[in-house]
**Student:** 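Structure below; questions to follow.
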Amino acid sequence: MSLAALIDELNPQQKQAATTDAKHSLVLAGAGCGKTKTIVARAAYLIDQGVPANQIQILTFTRRAASEIVARVELALGEQAKGLRASTFHTFCMYLLRRIPKAFGLEQFSIIDRDDQLMMFRLIRGRDDKKNPNYLPKPQELCDLYSFARNTRQKLSIALEKQMPEYLALKDQIADIMKEYEARKKARSFLDYDDILAVVAAALAQSDGLVEYVSSICRHMLVDEMQDTNPLQWALLEPLKEHISLFCVGDDAQSIYGFRGADFENIHHFKERVPDAQIFKLEKNYRSTQEILDLSNWLLDQSEIKYDKRLDAHRGEGIKPKMHIFPNEFDEAKWIAIDIKERHYLNGNKWSDHMVLVRSSFAARHIEAACIAANVPYRFIGGMKLLETAHVKDLLSLLRVVANPLDDIAWMRFLTLWNGVGDVGASKLSQQLLAEPEMEKIADKLEKFGKIPLETILIMKQMAVLKTEVQACVTLAIQAIENQLAENYKKDWNRRQGDFELVKQLASKHAQVSEFLEEYVLDPVSISEIERQSDIDVVTLITIHSAKGTEQKVCYVANVTPGQYPHARAQGSFDDVEEERRVLYVALTRAQDELILTKQNLNHWARETVDEQGRKVESYFMNDLTRNLCTMETHYKTRQQTVKSALIERQSINLDFGIDLD
DNA sequence: CCGGACAGTTTTTTT
DNA sequence: AACTGTCCGG
């Protein structure tokens, strides 16, 4: 209840930071040193000092971090936090764009996601001529390059040189494509993810009035994970710094978003950019035992970069990390599942005490399969989002064209669903449809086109009338394309079909189709989030990037194998290898009590090498790992689940056979 | 020329 | 699961 109590819980360093009178502050905090706690306490302190909660804005980089903070703030401050905003940079900018669109020269606009961008780049770039292939970058590469240049606020030529020098010769052609992309975006009033920030940044740079307005609603900006912010995001903060107070928290050793232009210069040069800033350091780690930190510190020490970091455990000593080595990824995954299972049934640990960290969603597949096979309940975070799966996007494309017949990107997707319609036909027809945005006329043209069933066209007419009955609209849309989708996805149609129920559920919460569509462009809910809304007891399977800021008693870091850390594709680039090191560092520092690493490859040990220019190439971070830091165990064949744990599992299942006594 | 079927390959990370 | 390349039929 009391804010003072919250502040009393802080250690002296944290307290000093949270209660500073300095206008601007930078808090450098190692992993597990209470970064989030300090931010929450800072908010509490400000409120206690009389700052209205609605003038405090907490900014984070990912949605996960934002919701984490919201939860912590609500838990700690309760009613008093009412009005306090915590959101991602994107959500914050959207709030401004929606609230005062005129200040940005906008009227109507819609947000497009990456798939839409890819479609646009695909259309502009054109197909490859088989006989005479042009070597233009692929749509994906164009999209990434464009985004990278914008997030780092660099010229195309420089971004090109850094990201894909092999295309430097085609710079002019690439520039033309991007020019065309921007023209098309503008003509359709589309904003892509980067525009959301760029539009606001540009307006802030030009308009003192806007700066004043934003300053008046956010007197205090508390920025979390500062090391992940990129130059574009800094461009949002910079114009405000004279008028508001910045409280930025970060850790350069946890910067793992270089691919999105994150730049820890934002931390390293903070003092030069904000000369009157006070710097605080939090160095006591409250999360882990010293053994876990020793290994993490060791990993950073191996680097040529001076991270100047030595995490020190407040909790003292505990269990030494352990490395398990397997012949292949299947045995590795199976062992993890069984190990968790035994901890649950034999030691009585909760499922939710365990977290399995993986590099990529792809890498999670094996673990998922093993968990399913072993009956281990889990949820996967960082995976496919429901509203990003192909079949749901197909469905949404129909809703989109009905809500806005001028959305030719959605038309493209919708039209290509049908047999006999490819990119070219769809593109031609969609251009014709733009000329007649009346549903009646559109229906006529679709009928003449002859490749779409009459029934579907009829349903579309009905939908156009029903825009406010969101759930009915979605139900109709499903009817309209169900047969075709069943054919398109015949292999796993059964699995996909189930997702439409979830879409209906989500849709029912909205009053307008357009509102429903917009809400989830920026925040596509993940499937397991919907399925397991209640916090039931499950193991967490998570990508390292999603795991930042979280912690768990027992952490498994899977696939710590040569060629993975650093990933083979990063070899040879010093910056990329260092980012890989930080990714692994983030993974290691999630563990509270026990850290378990697993890897494959019994015999192949890549050694350190030197590249053509004589620079050191890191081939595997764990090469020189010693047994003082980490014990190792080699498994030559799969461990079988012990008879005892199998028995206990059966018993506990039997317990559930009774009637519901409630 | 277009689209579709099939086979083989290749998966980072997020807004 | 998504992307790529190739071949074939309209």
Side-chain angles (χ1 to χ4, degrees), chain A residues 59-66 87-94 111-118 122 127-131 133 138-141 143-144 147-148 150-151 191-198 225 228-230 232-233 236 254-262 357-366 368 381-385 387-391 393 415-428 451 487-492 495-496 520-524 526 542-548 559 563-570 576 579-580 582-584 586-587:
Chain A
L59 284 176
T60 65
F61 185 66
T62 63
R63 299 187 306 256
R64 246 198 107 57
S87 50
T88 63
F89 278 87
H90 286 82
T91 315
F92 171 67
C93 289
M94 273 307 288
I111 306 298
I112 55 172
D113 69 4
R114 192 180 141 85
D115 267 14
D116 298 327
Q117 293 188 62
L118 288 176
R122 205 165 100 208
R127 298 172 139 246
D128 274 337
D129 187 346
K130 265 165 243 145
K131 299 264 152 47
K138 315 220 163 63
Q140 238 188 71
E141 296 174 301
C143 196
D144 289 344
S147 181
F148 184 81
R150 302 191 71 197
N151 278 292
L191 297 187
D192 61 32
Y193 286 147
D194 302 327
D195 288 321
I196 296 172
L197 305 189
E225 308 283 10
D228 290 330
T229 59
N230 58 42
L232 178 56
Q233 286 160 334
L236 288 166
Q254 293 186 68
S255 172
I256 55 174
Y257 282 93
F259 66 96
R260 264 191 67 185
L357 295 128
V358 292
R359 189 59 222 276
S360 60
S361 335
F362 173 65
R365 299 199 93 86
H366 292 298
E368 265 192 285
I381 296 174
M384 204 50 178
K385 306 291 191 291
L387 290 104
E388 283 171 350
T389 54
H391 54 295
K393 292 205 114 182
L415 293 173
T416 47
L417 289 179
W418 307 95
N419 292 337
V421 189
D423 268 9
V424 180
S427 162
K428 271 188 206 145
K451 310 228 162 142
E487 199 184 324
N488 294 356
Y489 297 109
K490 45 189 167 237
K491 287 209 175 67
D492 44 20
R495 178 180 62 76
R496 289 170 184 265
Y520 295 106
V521 184
L522 279 176
D523 193 0
S526 88
I542 192 167
T543 62
I544 297 173
H545 281 79
S546 304
K548 198 145 63 160
N559 206 8
Q564 292 295 316
Y565 295 93
H567 195 277
R569 80 180 70 244
D576 289 355
E579 179 146 324
E580 294 284 307
R582 295 189 295 265
V583 169
L584 185 54
V586 168

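Side chains included, hydrogens not; waters and symmetry mates left out as well; all remaining heavy atoms used. Convention: sequence-line order gives letters A, B, ...; per-chain numbering from 1.
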**Student:** If only side-chain N and O atoms of A/Thr389 are considered, is one of them under 4.0 Å from the OP1 or OP2 phosphate oxygen of C/dA1?
**Tutor:**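 Negative; the distance criterion is not met.
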
**Student:** For A/Gly258, report the nucleic acid contact type (base, sugar-phosphate, nothing); a contact means any heavy atom under 4.0 Å.
**Tutor:**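 Nothing, no nucleic acid heavy atom in range.
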
**Student:** Is A/Asp113 touching bases, backbone alone, or none of the nucleic acid, heavy atoms closer than 4.0 Å?
**Tutor:**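 A/Asp113: no heavy atom of the nucleic acid under 4.0 Å.
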
**Student:** Just to verify, which of A/Thr88, A/Asp228, A/Thr91 counts as forming a side chain to side chain contact (heavy atoms under 4.5 Å, CB included) with A/Thr60?
**Tutor:**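 For A/Thr60, the side chain to side chain contact (heavy atoms under 4.5 Å, CB included) test succeeds with only one of A/Thr88, A/Asp228, A/Thr91, which is A/Thr88.
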
**Student:** For a quick check of understanding: with a heavy-atom distance under 4.0 Å over all strands, which category does A/Phe89 fall into, base, sugar-phosphate or nothing?
**Tutor:**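 If one applies the 4.0 Å heavy-atom cut-off, A/Phe89 turns out to touch nothing in the nucleic acid.
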
**Student:** In chain order, what residues pass the salt bridge (Lys or Arg N to Asp or Glu O under 4.0 Å) check against A/Arg365, with sequence neighbours excluded?
**Tutor:**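 Testing A/Arg365 for salt bridge (Lys or Arg N to Asp or Glu O under 4.0 Å), a comparison that skips the adjacent residues, returns none.
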
**Student:** Check the phosphate of B/dT14 against A/Thr88, side-chain N and O only, distance under 4.0 Å to OP1 or OP2. Yes or no?
**Tutor:**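 No, outside the criterion.
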
**Student:** How close or far is atom P of B/dT14 from atom CD of A/Glu579, stated in whole angstroms?
**Tutor:**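 My rounded result for the distance is 12 Å.
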
**Student:** Any donor-acceptor pair under 3.5 Å linking the side chain of A/Asp113 with the backbone of A/Asp116?
**Tutor:**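 At least one qualifying donor-acceptor pair exists.
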
**Student:** State which residues pass side-chain hydrogen bond (donor to acceptor under 3.5 Å, both in side chains) with A/Gln117; sequence neighbours excluded, sorted by chain then number.
**Tutor:**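 side-chain hydrogen bond (donor to acceptor under 3.5 Å, both in side chains) list for A/Gln117, sorted by chain: A/Tyr181.
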
**Student:** Tell me if a side-chain donor or acceptor on A/Glu225 pairs with a main-chain N or O of A/Phe61 at a distance below 3.5 Å.
**Tutor:**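 The answer is no, because no donor-acceptor pair under 3.5 Å joins these two groups.
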
**Student:** Could you state the CG-P distance from A/Asp115 to C/dA2, rounded to the nearest angstrom?
**Tutor:**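 About 10 Å, once rounded to whole Å.
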
**Student:** Between B/dA5 atom C1' and A/Asn419 atom CG, what is the distance in whole Å?
**Tutor:**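 To the nearest whole Å, that distance equals 12 Å.
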
**Student:** In whole angstrom, give the distance that lies between atom CH2 of A/Trp418 and atom C1' of B/dG3.
**Tutor:**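 Rounding to the nearest Å, CH2 of A/Trp418 and C1' of B/dG3 are 17 Å apart.
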
**Student:** Rounded to the nearest angstrom, tell me the gap between atom CD in A/Glu225 and atom C1' in B/dT15.
**Tutor:**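 The answer, rounded to whole Å, is 15 Å.
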
**Student:** Pick out the pairs of N or O atoms, protein on one side and nucleotides 8-12 of chain B on the other, that lie under 3.5 Å.
**Tutor:**
{"from": "B/dT12", "atom 1": "O2", "to": "A/Arg359", "atom 2": "NH2", "distance (Å)": "2.4"}

**Student:** Tell me: CG of A/Asp194 to C1' of B/dT14, nearest whole Å?
**Tutor:**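 A/Asp194 atom CG is separated from B/dT14 atom C1' by 11 Å.
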
**Student:** With a non-hydrogen cut-off below 4.0 angstrom, is A/Val583 in contact with a base, only sugar-phosphate, or nothing?
**Tutor:**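 Result for A/Val583 = nothing.
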
**Student:** Rounded to whole angstroms, how far apart are CZ on A/Phe92 and P on B/dT15?
**Tutor:**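 For the pair A/Phe92 CZ and B/dT15 P, the rounded distance is 18 Å.
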
**Student:** Using whole Å, report how far CG of A/Asp192 lies from C1' of B/dT15.
**Tutor:**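 A/Asp192 atom CG is separated from B/dT15 atom C1' by 11 Å.
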
**Student:** What's the gap between B/dT13 and C/dT4 when it is taken at their C1' atoms, as a whole Å value?
**Tutor:**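 Approximately 23 Å lies between the C1' atom of B/dT13 and that of C/dT4.
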
**Student:** Of the nucleotides B/dT14, C/dA1, B/dT15, which one has an atom closest to the side chain of A/Tyr257?
**Tutor:**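 Shortest atom-to-atom distance from the side chain points to B/dT14.
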
**Student:** Closer than 4.0 angstrom, basic N to acidic O: yes or no for A/Arg114 and A/Asp144?
**Tutor:**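 A salt bridge is present here (some side-chain N lies under 4.0 Å from a carboxylate O).
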
**Student:** Among A/Asn230, A/Leu236, A/Thr229, which residue meets the side chain to side chain contact (heavy atoms under 4.5 Å, CB included) test with A/Leu232?
**Tutor:**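 For A/Leu232, the side chain to side chain contact (heavy atoms under 4.5 Å, CB included) test succeeds with only one of A/Asn230, A/Leu236, A/Thr229, which is A/Asn230.
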
